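Structure first, commentary second.
Scope of the values below: all heavy atoms of this structure, side chains included, with no hydrogens, waters or symmetry mates. Nothing here was measured: the structure is a model prediction, and the numbers come from that model. Numbered from 1 within each chain, the chains take letters A, B, ... in sequence-line order.
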2 protein chains.
Amino acid sequence: MYSGCMSANASERLIEATRSLLWERGYVGTSPKAIQQAAGAGQGSMYHHFTGKPDLALAAIRRTAEEMRAAAERVLGAQGPAYARIEAYLLRERDVLRGCPVGRLTMDPEVIADDELRAPVDETLDWLRGRLTGIVQEGLDNGEFSGPMRPEEIASTVVATVQGGYVLARASGSPAAFDTAVRGLLALLSPRTP
Amino acid sequence: MYSGCMSANASERLIEATRSLLWERGYVGTSPKAIQQAAGAGQGSMYHHFTGKPDLALAAIRRTAEEMRAAAERVLGAQGPAYARIEAYLLRERDVLRGCPVGRLTMDPEVIADDELRAPVDETLDWLRGRLTGIVQEGLDNGEFSGPMRPEEIASTVVATVQGGYVLARASGSPAAFDTAVRGLLALLSPRTP
DNA sequence: GTCTATAGGAAGATAGAC
DNA sequence: GTCTATCTTCCTATAGAC
């Protein structure tokens with residue numbers, strides 16, 4: 001397991017550097033040279049541990065996907081009513097202007113064209129939708145939510161609002177745009193108290 | 001005005017080729033050489049009409065932004081109740097798997113870092129949010145919508161759901177994911193008939 | 001495991017001829 | 001307006017020494 005310390009072995013440093021660069025610049029915008037410099041590793045080191053850029057990117061994407069899933073589960077798996085858990089997920093702290101390290105990759109043509117690189121992205125967002133579907137269903141079962149809603153549709157809307165919130169925030173250069181979209185969704189989801 | 005015919009002048013062909021490549025590959029993933037080949041123009045031609053890649057990209061982005069705004073206005077400016085117009089906007093035909101040619105640019109580090117390139121993106125999404133805000137306000141005024149909703153928040157949620165819908169569709173490789181998110185939002189927006 | 005050397009091609013232009 | 005030549009740096013490796 002990765003220790004997180006500055007002097008981890010080269011393989012670890014390369015993966016972490018790649019994760020950071022993929023988040024910031026995407027796959028197309030990330031070169032092996034930039035990775036090596038960020039990791040403090042030479043070319044020989046990189047090509048010893050990985051067969052090339054796609055191989056290293058795959059390791060980085062898989063780890064990022066796993067971390068995102070774990071972070072979501074920490075919030076969604078908490079105790080409490082369905083609405084509260086969805087609200088906690090939507091309001092959880094985020095590095096909004098950096099965008100979503102997983103969702104971002106969907107705009108990368110070379111990630112989308114490569115089934116192996118796309119798979120962790122697809123699986124992570126799919127898992128998240130499934131997890132939220134179950135929670136919305138809970139809310140319907142216990143009478144917290146009402147109306148004609150289909151759980152899997154609401155779950156998709158929640159994930160889409162978050163992903164689109166990043167787009168609005170980055171376009172405007174301000175995290176406020178993300179929060180506004182999320183508050184709108186929470187108002188629509190909010191159990192009516194007539 | 002651009003005639004759309006195959007043998008337009010080189011400047012037009014360069015702009016159209018750049019629009020297409022920016023949509024598909026983003027700014028970082030689009031090279032002058034690729035643009036010239038797609039446009040059937042040489043280097044001399046490109047650098048005669050434009051000072052460089054950023055200049056050409058700016059012309060392309062401005063045109064794409066203008067077209068997106070016009071397309072949205074055709075649907076949002078139609079006659080009818082607020083809900084129907086928002087529904088028409090959400091359900092309008094889209095090249096879902098290609099993503100949004102404007103929103104996509106927010107994931108490009110060099111677009112976001114350059115205020116001139118980012119401006120058309122920001123202005124277009126901001127215009128769209130404003131236009132939707134007015135329509136939601138209309139719906140509240142005439143009693144079509146009820147509840148604690150703030151128009152500008154709902155408008156942001158609508159735009160975010162669309163932008164995030166593209167992310168889900170591209171991740172899964174299927175336009176269905178977009179539609180699911182949109183249907184969830186429509187269910188939440190749907191005027192209750194108790 | 002890591003380093004340096006080497007390599008063919010692309011990126012992003014500039015200069016000058018036609 | 002468009003073409004070709006030229007330039008520097010970067011991209012994405014492979015080979016072989018240490």
* To do: Rounded to the nearest angstrom, tell me the gap between atom CG in B/L14 and atom C1' in D/dG1.
  => 12 Å
* Using atom CE of B/M46 as one end and atom P of D/dC3 as the other, report the distance to the nearest whole Å. => 14 Å
* Minimum-distance nucleotide (side-chain atoms of A/H48 versus D/dT14, C/dT2, C/dG12) -> C/dT2
* To do: Could you state the atom-to-atom distance from CG of A/N9 to C1' of C/dG1 in whole Å?
  => 11 Å
* Whichever of A/V28 and A/G44 has its nearest DNA chain D nucleotide further upstream toward 5' -> A/V28
* Rounded interatomic separation in angstrom, taking CZ from A/F50 and C1' from D/dA13 -> 16 Å
* Short side-chain donor-acceptor distance under 3.5 Å, B/N142 and B/E138 -> no
* Hey, does the side chain of A/W127 reach the backbone of A/R69 with a donor-acceptor pair shorter than 3.5 angstrom? -> no
* Structure fact -> In whole angstroms, the gap separating C1' of D/dC10 from NZ of A/K53 amounts to 12 Å
* **Protein-nucleotide distance (A/K33, atom NZ; C/dA7, atom C1'), rounded to Å** => 15 Å
* Structure fact -> Between CD of A/Q36 and C1' of D/dA13 the distance, given in whole Å, is 10 Å
* To do: Starting from P on C/dA7, measure out to CD on A/Q43 and report it in whole angstrom.
  => 15 Å
* B/H49 has a side chain; which of C/dT2, D/dT2, D/dT14 sits nearest to it? -> D/dT2
* For B/R25 and B/T30, does a side-chain donor sit closer than 3.5 Å to a side-chain acceptor? -> no
* Distance test, side-chain N/O of A/S31 to OP1/OP2 of D/dC11, below 4.0 Å -> yes
* Would A/Y166 and A/R94 count as having a side-chain donor-acceptor pair, cut-off 3.5 Å? -> yes
